[in-house]
Amino acid sequence: MSEFIAPAKPIIGEEERAAVDRVMRSGMVAQGPEVAAFETEFAEHFVPGRPAVAVNSGTAGLHLGLLATGVGPGDEIIVPSFTFAATGNSVALTGATPVFVDIEPATFTLDPEAVAAAITPKTKGILPVHLYGHPARMRELEKLAAEKSVALYEDAAQAHGASLDGRPVGSFGEFAMFSLYPTKNMTSGEGGMVTTATAEIARRVKLLRNQGMERQYENEVVGFNARMTDIHAAIGRVQLTKVDAWTRTRQRNAAFLDAHLRGVTVPPVAEGAVHVYHQYTIRVPEDRDGFVRALKEEHQVGAGVYYPIPNHRLQSLAPYAAGLDLPETERAAREVLSLPVHPSLSADDLERIVTAVNTVVGAGA
Ligand SMILES: *Cc1c(COP(=O)(O)O)cnc(C)c1O
């Protein structure tokens with residue numbers, strides 16, 4: 001029997017282990033020089049010209065970014081329902097209302113026309129998600145935000161290195177969040193990075209991450225402890241030197257799948273967009289769950305479903321969505337299936353994935 005091909009596989013090497021050891025031996029493990037260096041290097045790497053602030057999770061990054069830009073009770077924030085729950089959760093945690101809007105079917109990201117229709121006098125901002133590593137429709141959303149005088153933010157949790165018209169994700173919004181969770185395109189163990197449009201927003205995120213203090217014991221605002229440790233930052237700094245090569249491998253793997261898969265809709269890439277393939281997501285219109293099972297049981301290929309339940313129907317977030325009908329979101333939740341595309345795949349693994357998909361498609365025809 002062939003070895004199981006995992007749907008995701010974090011790569012943690014000798015250099016990461018050595019970096020952790022270096023910090024441990026220094027005896028200074030909480031937020032310090034490693035975090036400061038990681039922030040500078042991350043910003044230079046992904047969003048040159050913008051400041052970056054490290055926090056202890058992507059979710060904390062979204063939450064603090066929203067608070068730092070003044071989001072709170074009474075505000076409405078437009079979000080997709082077809083995403084990880086952290087997107088809507090972070091809005092709800094500020095006391096604002098997440099307003100769930102449908103996606104456009106090609107890229108699985110916010111539909112700008114649906115966003116326009118959802119804007120009310122209470123709308124404070126729009127929080128698109130660059131889902132699966134493909135940039136959201138930022139041209140249209142940027143224009144709309146300017147016309148309607150609302151803010152634009154970015155959930156770039158899955159999109160390190162993605163871009164649109166040569167502009168990197170993380171450079172469009174008042175703030176953007178990148179996740180550093182192990183299955184994301186790079187990791188620090190757990191962690192998040194917030195890039196901001198202004199030094200003042202960065203300062204506020206820093207205040208909120210550290211009990212509202214810039215100077216020790218002079219607390220300016222009510223804040224959290226959302227600090228990253230130097231241990232995690234040291235891991236992230238090493239990963240930062242490797243992530244571009246991993247992204248190129250993801251893109252090569254995706255191109256191979258595009259060229260060889262038959263009878264399924266491969267993920268389209270919008271004009272001007274660079275896709276970093278956090279996930280390689282196809283649609284299976286009939287019996288998706290049976291397809292996932294067949295890949296796993298008959299071919300030992302691990303496929304993932306991101307996400308089977310739209311956020312507006314989760315018990316936790318449904319109270320914000322009474323009576324909502326989001327047909328493209330529902331259809332995507334029924335049809336999507338993500339194939340392994342991560343940089344640890346061998347040529348043999350890729351061949352096996354293609355054979356598995358094409359065989360299951362053929363069997364179903
Ligand atoms: C992973 C993820 C988050 C949350 O990031 P954490 O680091 O896990 O807190 C938020 N939004 C999206 C779209 C994600 O994929």
Side-chain angles (χ1 to χ4, degrees), residues 7-8 10 35 38 42 46 52-67 77-94 98 100-101 103 107-110 125-138 153-162 169-170 172-173 175-195 205 208-209 224-229 232-233 235-236 239 243 250 275-281 304-312 314 316-317 329 332-333 336 338 341-342:
V35 169
F38 186 30
F42 189 98
F46 287 122
V53 182
V55 287
N56 58 3
S57 75
T59 307
L62 280 178
H63 186 197
L64 269 48
L66 291 166
L67 291 174
I77 306 296
I78 295 174
V79 295
S81 170
F82 192 62
T83 174
F84 184 54
T87 313
N89 280 348
S90 63
V91 172
L93 284 169
T94 68
F100 295 105
V101 158
I103 51 170
T107 59
F108 305 101
T109 64
L110 274 182
I126 308 166
L127 175 53
V129 178
H130 306 300
L131 199 72
Y132 304 144
H134 189 289
R137 298 272 295 268
M138 300 311 281
Y153 321 112
E154 295 172 75
D155 181 334
Q158 306 183 352
H160 315 65
V169 304
F172 292 87
F175 80 87
M177 176 281 286
F178 296 83
S179 169
L180 299 166
Y181 185 74
T183 57
K184 301 294 160 80
N185 287 26
M186 63 173 281
T187 186
S188 60
E190 287 264 16
M193 197 65 88
V194 181
T195 57
V205 175
L208 290 165
R209 110 181 134 179
F224 300 81
N225 174 359
R227 296 183 303 263
M228 179 180 278
T229 73
H232 293 89
I235 299 170
Q239 295 254 313
V243 65
R250 286 176 182 274
H275 194 332
V276 295
Y277 295 99
H278 172 61
Q279 299 294 350
Y280 182 94
T281 303
V305 173
Y306 313 103
Y307 297 89
I309 307 176
N311 288 191
H312 74 285
L314 295 172
S316 52
L317 293 169
T329 295
V336 293
S338 298
V341 73
H342 55 80

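Please read all numbers here as calculations on a predicted model, not as lab measurements. FYI, side chains are in, hydrogens and waters are out, and symmetry mates aren't considered; it's all heavy atoms of this structure. Residues take their numbers from the sequence shown, with the count starting at 1. Indexing begins at 1, ligand by ligand and atom by atom, following the structure's order.
Nearest non-hydrogen protein atom to atom 5 (O) of ligand 1 is S179 OG, 3.3 Å. The protein atom (non-hydrogen) at minimum distance from atom 15 (O) of ligand 1 is Q158 NE2, 2.8 Å. The closest protein non-hydrogen atom to atom 12 (C) of ligand 1 is A157 CB, 3.4 Å. Ranking the protein heavy atoms by distance from atom 9 (O) of ligand 1 puts T59 OG1, 2.6 Å first. Taking atom 11 (N) of ligand 1 as the reference point, the nearest protein heavy-atom neighbour is D155 OD2, 2.8 Å.
Atoms of ligand 1 lying under 4.0 Å from at least one heavy atom of V129, given by number and element, are 13 (C). Taking every heavy atom of S57 and a limit of under 4.0 angstrom, the matching atoms of ligand 1 come to 7 (O), 9 (O). The ligand atoms of ligand 1 that sit less than 4.0 angstrom from a heavy atom of A86 are 3 (C), 4 (C), 10 (C). Using a 4.0 Å cut-off to heavy atoms of G191, the atoms of ligand 1 that qualify are 7 (O).
Here the straight-line distance linking atom CZ of F82 with atom OG1 of T109 works out to 11.0 Å at 0.5 Å rounding.
Using the six-membered ring where Trp is involved, H160 and F178 have ring planes that are tilted, between 30° and 60° apart. Using cut-offs of 30° and 60° on the angle between ring planes, the pair F42 and F38 is perpendicular.
At least one side-chain heavy atom of H63 sits under 4.5 Å from a side-chain heavy atom of F224. Counting heavy atoms from C-beta on, the side chains of V276 and R250 never come closer than 4.5 Å.
At a 3.5 angstrom cut-off on N or O pairs, E190 does not count as close to ligand 1. An N or O contact shorter than 3.5 Å is missing between T83 and ligand 1 by distance. Polar contact check, K184 against ligand 1: a nitrogen or oxygen pair lies under 3.5 Å apart.
Between the side chain of S81 and the main chain of H312, a donor-acceptor pair closer than 3.5 Å is present. Put simply, the side chain of Q158 never gets that close to the backbone of Q279: no donor and acceptor are under 3.5 Å apart. With hydrogens and angles disregarded, no donor-acceptor distance shorter than 3.5 Å links the side chain of Y307 to the backbone of A85.
The closest approach between M177 and ligand 1 falls below 4.0 Å for a heavy atom of the residue.
Annotation: Y181, atom OH; neighbour count of heavy atoms from other residues, nucleotides and ligands within 6.0 Å does not exceed 12.
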